[in-house]
Amino acid sequence: MPSKDPSSPLRDSAFMSNGVTHAFSMVDLSDEELCQQITKVPASESDEELTKIQVLGASGQHAAMMRLNHPVRIHVEGHLGDYSFAYNRQADIRLSGNAGHGVAEGMSSGAVRISGNAGAGAGVAMTGGTLAIFGLAGDRCGAGMRSGSIFVRGNVGDEAGVGALGGMIVIGGDAGSRLGDAMNNVTVFIRGNVKSLADGVTEAPLRKREELRLGLLLINASIRGDAKEFRRIVPEAMLRAEATQRGEVVPNWR
C-alpha cells in the first residue's frame, strides 16, 4: 500500500469501501505522534457509527496507544507487545493479531477486542469498558479489576480474577489454578474445566436472570455460545447475601 501523509484523510478505495476514512502507520510515526494524530481525527456526531481509523505496521511494539481518550473505532493490523491500549477511554479498538502482557490494563471505558492471544495480566485493574480476547489469555486475567467485562473465548491461566472487586469475567474454555483468589462482588462464568477454585469462592446456580444477562453480553462481545453451557463462580459471601436477599455483600478480607 502506498505511503500516506499521516495527517491526511485516506483516499484508498479499498479502505473507503469499509468506511475507513483515515490510516496511520506505526512504522512512520512514534507512539506519541500516532496518538496525537488519532485524537486529531474528528469524532462522529453519532454514537452508533464511530469514525473508522486503520493502523498499520504493528510488529510487537510495547506500550502501544496507551491512554487514548477519543470516541473513534480503530482497527490495528499485526501483533503488539506489552501494555497495549492500557488506560483506554472511549475508543473502540480491534487488534487483528496477538497482544503481550497487560493488554488494556486500567481501561475505564470503550472496548478492546483481540483476535488472537493475550499474555498475562489482561485487563488488570480495569474500572470499566469491555475486553474481548478471542484466543487464549495468560495468568492473572482480570486481576484487581473494579468494574467492566472481560470475555475470553479460549483458556485462561492461573489466578484469574485475583483480587478483583467488581465486574464480570467470562471464560469460554478452561481455567488454571486458584480461580477467583481474594475475589469480592465479582461473577465468573466459565464453560470449561477449572483446575482449582481459590478458598472463599464457590460454584453457584445459574439463575434465569443471570442466563439472560450472559446471553446478551455474549452477543454484544461477538462471542458464540449458549449461556446455558456456562457455570457461575462467585465469592461465598456473595452467594450468602443472595440467599438472605440482603442486597449487599460483606467484604471477605481474609
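Owing to the predicted nature of the structure, the values given are computational and were not obtained by experimental measurement.
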[X] side chain to [Y] backbone, donor-acceptor under 3.5 Å:
{"X": "Thr51", "Y": "Ser44", "answer": "yes"}
{"X": "Asp31", "Y": "Leu34", "answer": "no"}
{"X": "Asp174", "Y": "Val156", "answer": "no"}
{"X": "Ser115", "Y": "Gly97", "answer": "yes"}
{"X": "Arg146", "Y": "Gly144", "answer": "yes"}
{"X": "Ser196", "Y": "Arg178", "answer": "yes"}

If you measure from [atom1] on [X] to [atom2] on [Y], what distance do you get to the nearest 0.5 Å?
{"X": "His22", "Y": "Lys52", "atom1": "NE2", "atom2": "NZ", "answer": "14.5 Å"}
{"X": "Asn69", "Y": "Cys35", "atom1": "CG", "atom2": "SG", "answer": "11.0 Å"}
{"X": "Leu197", "Y": "Met183", "atom1": "CG", "atom2": "CE", "answer": "8.5 Å"}
{"X": "Met107", "Y": "Gln90", "atom1": "CE", "atom2": "CD", "answer": "13.0 Å"}
{"X": "Met26", "Y": "Asp28", "atom1": "CE", "atom2": "CG", "answer": "11.5 Å"}
{"X": "Thr39", "Y": "Leu68", "atom1": "OG1", "atom2": "CG", "answer": "8.0 Å"}

Pairs where residues 85-99 contributes a residue and the test salt bridge (charged side-chain N to carboxylate O under 4.0 Å, His left out) is met, not counting sequence neighbours |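 Found Arg73-Asp92, Asp92-Arg94, Asp92-Arg113.
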Hey, could you give me each pair passing salt bridge (charged side-chain N to carboxylate O under 4.0 Å, His left out) that has a residue in residues 184-198? Not counting sequence neighbours.
->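 Qualifying pairs: Arg191-Glu229.
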Name all pairs fulfilling the side chain to side chain donor-acceptor pair (under 3.5 Å) condition that reach into residues 148-158, sequence neighbours left out, sorted by first residue then second.
->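 For residues 148-158: Asp158-Ser177.
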Would you list the pairs meeting side chain to side chain donor-acceptor pair (under 3.5 Å) in which at least one residue belongs to residues 200-209, sequence neighbours left out?
->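 Sorted result for residues 200-209: Glu203-Arg231, Arg207-Glu210, Arg207-Glu242.
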Closest contact, heavy atoms only, [X] versus [Y]:
{"X": "Ala204", "Y": "Leu239", "answer": "CB-CD1, 3.8 Å"}
{"X": "Gly166", "Y": "Val186", "answer": "N-CG2, 3.2 Å"}
{"X": "Gly161", "Y": "Ile169", "answer": "CA-CD1, 3.7 Å"}
{"X": "Ile133", "Y": "Ala122", "answer": "CD1-CB, 3.7 Å"}
{"X": "Cys141", "Y": "Val152", "answer": "SG-CG2, 4.1 Å"}
{"X": "Asn117", "Y": "Gly135", "answer": "OD1-CA, 3.3 Å"}

Taking [Y] as the starting point, is it possible to reach [X] by hopping between hydrophobic residues whose side chains are less than 4.5 Å apart?
{"X": "Leu217", "Y": "Phe134", "answer": "yes"}
{"X": "Val124", "Y": "Ile93", "answer": "no"}
{"X": "Val194", "Y": "Ile171", "answer": "yes"}
{"X": "Leu206", "Y": "Phe151", "answer": "yes"}
{"X": "Met145", "Y": "Tyr83", "answer": "no"}

Less than 4.5 Å apart, any side-chain heavy atom of [X] and any of [Y]?
{"X": "Val170", "Y": "Leu214", "result": "yes"}
{"X": "Met126", "Y": "Leu131", "result": "yes"}
{"X": "Thr187", "Y": "Ile233", "result": "no"}
{"X": "Val234", "Y": "Arg232", "result": "yes"}
{"X": "Phe85", "Y": "Val76", "result": "yes"}
{"X": "Asn98", "Y": "Ile114", "result": "no"}
{"X": "His75", "Y": "Ile53", "result": "no"}
{"X": "Leu56", "Y": "Phe24", "result": "no"}

Take Leu95 and Leu80, measure what side chain to side chain contact (heavy atoms under 4.5 Å, CB included) needs, and give me the verdict at the end.
-> CA-CA 8 Å; Leu95 172 66; Leu80 289 175; 4.0 Å; yes
Would you please test Phe230 and Leu218 for side chain to side chain contact (heavy atoms under 4.5 Å, CB included) and show each step?
-> CA-CA 11 Å; Phe230 289 79; Leu218 290 172; 4.0 Å; yes
Partner set under salt bridge (Lys or Arg N to Asp or Glu O under 4.0 Å) for Glu33, not counting sequence neighbours |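 With neighbours one apart ignored, the set is empty.
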Distance-only donor-acceptor hits, side chain of residues 58-67, under 3.5 Å, sequence neighbours excluded:
| from | atom 1 | to | atom 2 | distance (Å) |
| --- | --- | --- | --- | --- |
| Gln61 | OE1 | Ser59 | N | 2.6 |
| Gln61 | NE2 | Gly57 | O | 3.1 |
| His62 | ND1 | Asp82 | N | 2.8 |

